[in-house]
Amino acid sequence: GDVPGAPLTVGRGANSRHAECYRRTGAVNNARENCETMLANFTGGEFLGYAAYRLGSMQYEDKNFRDALQSYRRASVRLTQPTLIHASRFFVGRCLEAISQKPEARQQYEELSKITEANPFRDASRLSTARMYADAGLREAALKWLQPRAEETTNAQIKAEALARPGRL
């Protein structure tokens, strides 16, 4: 007999796989449509976080930052993998920056920089916080965020900026 809920599970999985296949082959409109369909038609399941994240990525690439912001926010509460949750939160900050909501973006980065486990965006969040303080003319606050980055990070690009930026403040 039929297993209750099986058609929905299969549908969600199929839509998710279709969306990813379309995205990988460059059929972005089809990928976007599949993600939007999943988000509109299903209310629960692990696939919704991934669909929201993929949709946010496509919207971000199109510089549609307001919609990407909503998609990344949705992804951050639906995803279960810590690394993807942190990625979603990082891009929430990037979207907030892009739509000129600087204090909110800085707060997002500061919160994300406090998370040490499974957070590949920690150094980038710290550097973004420092940049935002520097751009706001808050030299001492910027230095507080920059100096430890130069000493602690293993990322060469972040280290270089953390070493060079204080001289420009």
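Owing to the predicted nature of the structure, the values given are computational and were not obtained by experimental measurement.
- Shortest non-hydrogen contact noted between Ile99 and Leu69 is CD1-CD2, 3.9 Å.
- Note that CZ of Phe65 and CD of Gln101 are 13.0 Å apart. Values are rounded to the nearest 0.5 Å.
- Taking every heavy atom of both residues into account, Phe121 and Thr83 meet most closely at CE1-O, 4.3 Å.
- Under the 4.0 Å criterion applied to side-chain N and carboxylate O atoms, Asp67 and Arg32 are not assigned as salt-bridge partners.
- For the atom pair Thr80 OG1 and Arg78 CZ, the distance stands at 12.0 Å (nearest 0.5 Å).
- Under the 4.5 Å side-chain criterion, counting only non-hydrogen atoms from C-beta, Tyr133 is in contact with Trp145.
- Under 3.5 Å, the side chains of Gln108 and Glu104 contain no donor-acceptor pair of N or O atoms.
- Counting heavy atoms from C-beta on, the side chains of Asp123 and Arg126 come closer than 4.5 Å.
- We find the OG-OH distance between Ser88 and Tyr50 to be 10.5 Å, quoted to the nearest 0.5 Å.
- Tyr53 contributes atom OH, which lies 6.5 Å from atom CG of Leu84 (distance to the nearest 0.5 angstrom).
- A distance of 5.5 Å separates CD of Glu140 from CG of Leu143, quoted to the nearest 0.5 Å.
- Here the shortest heavy-atom pairing between Gly49 and Ala75 reads O-CB, 3.6 Å.
- Tyr72 places a side-chain heavy atom less than 4.5 Å from the side chain of Ser57.
- Distance check: Arg54 CZ to Glu36 CD gives 15.5 Å after rounding to the nearest 0.5 Å.
- With hydrogens and angles disregarded, no donor-acceptor distance shorter than 3.5 Å links the side chain of Asn119 to the backbone of His86.
- One finds no salt bridge joining Lys114 and Glu110 here, because no Lys/Arg side-chain nitrogen approaches an Asp/Glu carboxylate oxygen to under 4.0 Å.
- The aromatic ring centres of Tyr60 and Phe91 sit less than 6.0 Å apart.
- Val77 and Phe42 sit in two unconnected hydrophobic clusters of ILVMFWY residues. Membership requires side-chain heavy atoms under 4.5 Å apart, directly or through other members.
- Of all the heavy atoms in Leu39 and Leu55, the pair that sits closest is CD1-CD2, 3.7 Å.
- For the pair Gln59 and Cys95, the minimum side-chain heavy-atom distance is 4.5 Å or more.
- Annotation: side chain of Arg94 is in contact with side chain of Ser128 (closest heavy-atom distance under 4.5 Å).
- Between Lys102 and Asp135 the shortest side-chain heavy-atom distance does not fall below 4.5 Å.
- Closest non-hydrogen pair, Ile115 versus Arg122, comes out as O-CD, 3.4 Å.
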